[in-house]
Asker: 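Okay, here's the structure, questions in a sec.
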Number of protein chains: 2
Amino acid sequence: MKNTEKIDLIFKHFERHIKLSDTLKTELAQRIICKTFKKGELVHHATKVCNKSYFIQKGLMRAYFIKDGKEISEYFSAESEWCNSPRSLRTRQLDIYYIDAIEDVEAFCLSLVDLMYLFDHFPEMERYARLSMGTILGHFMERITSMRFTTAKEKYNHFLATYCDIHHRIPLGMIASYLGITQETLSRIRAKK
Amino acid sequence: MKNTEKIDLIFKHFERHIKLSDTLKTELAQRIICKTFKKGELVHHATKVCNKSYFIQKGLMRAYFIKDGKEISEYFSAESEWCNSPRSLRTRQLDIYYIDAIEDVEAFCLSLVDLMYLFDHFPEMERYARLSMGTILGHFMERITSMRFTTAKEKYNHFLATYCDIHHRIPLGMIASYLGITQETLSRIRAKK
DNA sequence: CTTAATTTTTGACATAGATAAAAAAAATTA
DNA sequence: TAATTTTTTTTATCTATGTCAAAAATTAAG
């Protein structure tokens, strides 16, 4: 890491859940590397096991999978959020997800090996993971509820609420596949209000 | 705890993810209490903050919420699974979920206070939570996919796959609300095959 | 700038699944 | 075991959203 100011972004993120000792900060700084991706660039390919986690410093990433030849968006990650192929990273096996950059991206990158090292040596990292996964789990539960008992319009409103800050940066087609509706339907919903 | 054999069930569960030291086993045994619930009994009420987690030893529990006066099943927990109101437990705030017993239930009960104590003193408990939440997160992702791009029949098949062992113990109406389809539709799907 | 490629919008039509109401079956209680 | 309540099934319509096709608008490339 050259830019010590930049890394503060991810430190601040950790510190929302845990206290970072100087030792841990040093260990993190030694292991985190910076990567950049051009808009449209593929960051992770489903034919590979995912062994990295990206923390976005600037830009927008998307996890998606292919169904019947079409890209189905699974989730979007923006500034100060992680992006990876969760199950692949956890189980060290293949999963269906691709990751690409919707905008030019600057990201911090932590390898699985380094993550494991940190979990083994810093219990507070385990806590961080437990707490932040709890938050994500909550979002998923809300999303499941939103998927089940709402009209297409309500689904879209729920999307607008959860991706409040970044919804305008995501193309309509990607939003439609994320919501499980057709882009025609979404276009009509937008036209009405 | 009187029955030392019984508590092995939950020890074995922990040991799927972590090693349990004798110290931790003792601490757990001191804190876990047994509770029983009759079929139909309300275990957790949405007007209360959830401050307990139940690990089911025998029977079947359900988390649900009320929408337009109807009970919408969120998830089911059977033997060797946890049941609680996740976000309420995590944030110490109210959430929408009720929990009831679909069958007579015998469960181990751990209070939030005791959970916190264990997290604070046993880093391996943090790891256990991280790993088991990862598994749950994977299930949720699959469920979200299943909710979005499949017909009612495919949703039902996905339910049968995920609740393979216990699907026959869950009433049709509860399954329908879990899947976000009407019970009439589910009844027709069952009739066909 | 001009052309090509991609994304979004619009229109016509089809259909899976919702809704409503009532009968049948199963489970619970007296 | 009869009576009551709850759950499931069936029948008949209705509607939101999907599908297909093509035009318009936007973005990217030469």
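Not measured: the values here are computed from a predicted model. All chains are named by letter (A, B, ...) in the order of the sequence lines, taking the proteins before the strands, and each is independently numbered beginning at 1.
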Asker: Roughly, in whole Å, what's the span from CZ in Arg188(B) to C1' in dA16(C)?
Answerer: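 Rounded to the whole Å, the gap is 11 Å.
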Asker: Could you identify the nucleotide paired to dA30(C), looking across every strand shown and requiring Watson-Crick or G-U wobble geometry with both distances under 3.5 Å?
Answerer: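 Its partner is dT1(D).
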Asker: Is the shortest side-chain N to carboxylate O distance from Glu79(B) to Arg169(B) below 4.0 Å?
Answerer: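 A salt bridge is present here (some side-chain N lies under 4.0 Å from a carboxylate O).
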Asker: Between Tyr54(A) and Phe108(A), is the ring centroid distance below 6.0 Å?
Answerer: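 Tyr54(A) vs Phe108(A): aromatic centres not under 6.0 Å.
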Asker: OH of Tyr64(A) to CD1 of Ile96(A): how many Å apart, nearest 0.5 Å?
Answerer: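 Those atoms lie 12.0 Å apart.
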Asker: Check the distance between dG17(C)'s P and Tyr156(B)'s OH and give it to me in whole angstrom.
Answerer: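 Checked: the OH to P distance equals 15 Å.
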Asker: I want to know whether Phe55(B) and His13(B) have ring centres closer than 6.0 Å.
Answerer: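 Yes - the distance between ring centres of Phe55(B) and His13(B) falls below the 6.0 Å cut-off.
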Asker: Who is the Watson-Crick or G-U wobble partner of dA22(C), with both distances under 3.5 Å?
Answerer: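 dT9(D) is the nucleotide pairing with dA22(C).
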Asker: What's the CZ-P distance between Arg190(B) and dA25(C), to the nearest Å?
Answerer: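 Distance check: Arg190(B) CZ to dA25(C) P gives 17 Å.
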Asker: Starting at atom NZ of Lys39(B), determine the distance to atom P of dT29(C), rounded to an integer number of angstrom.
Answerer: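 Atom NZ in Lys39(B) sits about 9 Å away from atom P in dT29(C).
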Asker: Tell me whether Glu103(A) is salt-bridged to Lys39(A), with the criterion being a basic N under 4.0 Å from an acidic carboxylate O.
Answerer: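 The answer is no: the pair does not qualify as a salt bridge.
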Asker: Any side-chain heavy atom of Arg143(A) sitting closer than 4.5 Å to one from Leu179(A)?
Answerer: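 The answer is no; the side chains never approach within 4.5 Å.
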Asker: Quick check, are the ring centers of Tyr98(B) and His45(B) under 6.0 angstrom apart?
Answerer: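 Yes, the ring of Tyr98(B) comes within the 6.0 Å limit of the ring of His45(B), centre to centre.
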Asker: Can you tell whether the side chains of Lys35(B) and Glu106(B) come within less than 4.0 Å, N to carboxylate O?
Answerer: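 Salt bridge flag = no for Glu106(B) with Lys35(B).
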Asker: With nearest nucleotides of DNA chain C determined for Ala152(B) and Ser187(A) from heavy-atom distances, which residue corresponds to the more 5′ nucleotide?
Answerer: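 Looking at the nearest nucleotide for each, Ser187(A) comes out on the 5' side.
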Asker: Quick one: how far along DNA chain D does chain A reach, first to last nucleotide 5' to 3', anything under 4.0 Å to a heavy atom?
Answerer: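 The contacted stretch runs from dT17(D) to dA28(D).
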Asker: May I ask you to list the residues of residues 168-185 of chain A, by number, that have any heavy atom positioned under 4.0 Å from an atom of DNA chain C?
Answerer: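 Heavy-atom contacts with DNA chain C come from Pro171(A), Leu172(A), Gly173(A), Gln183(A), Glu184(A).
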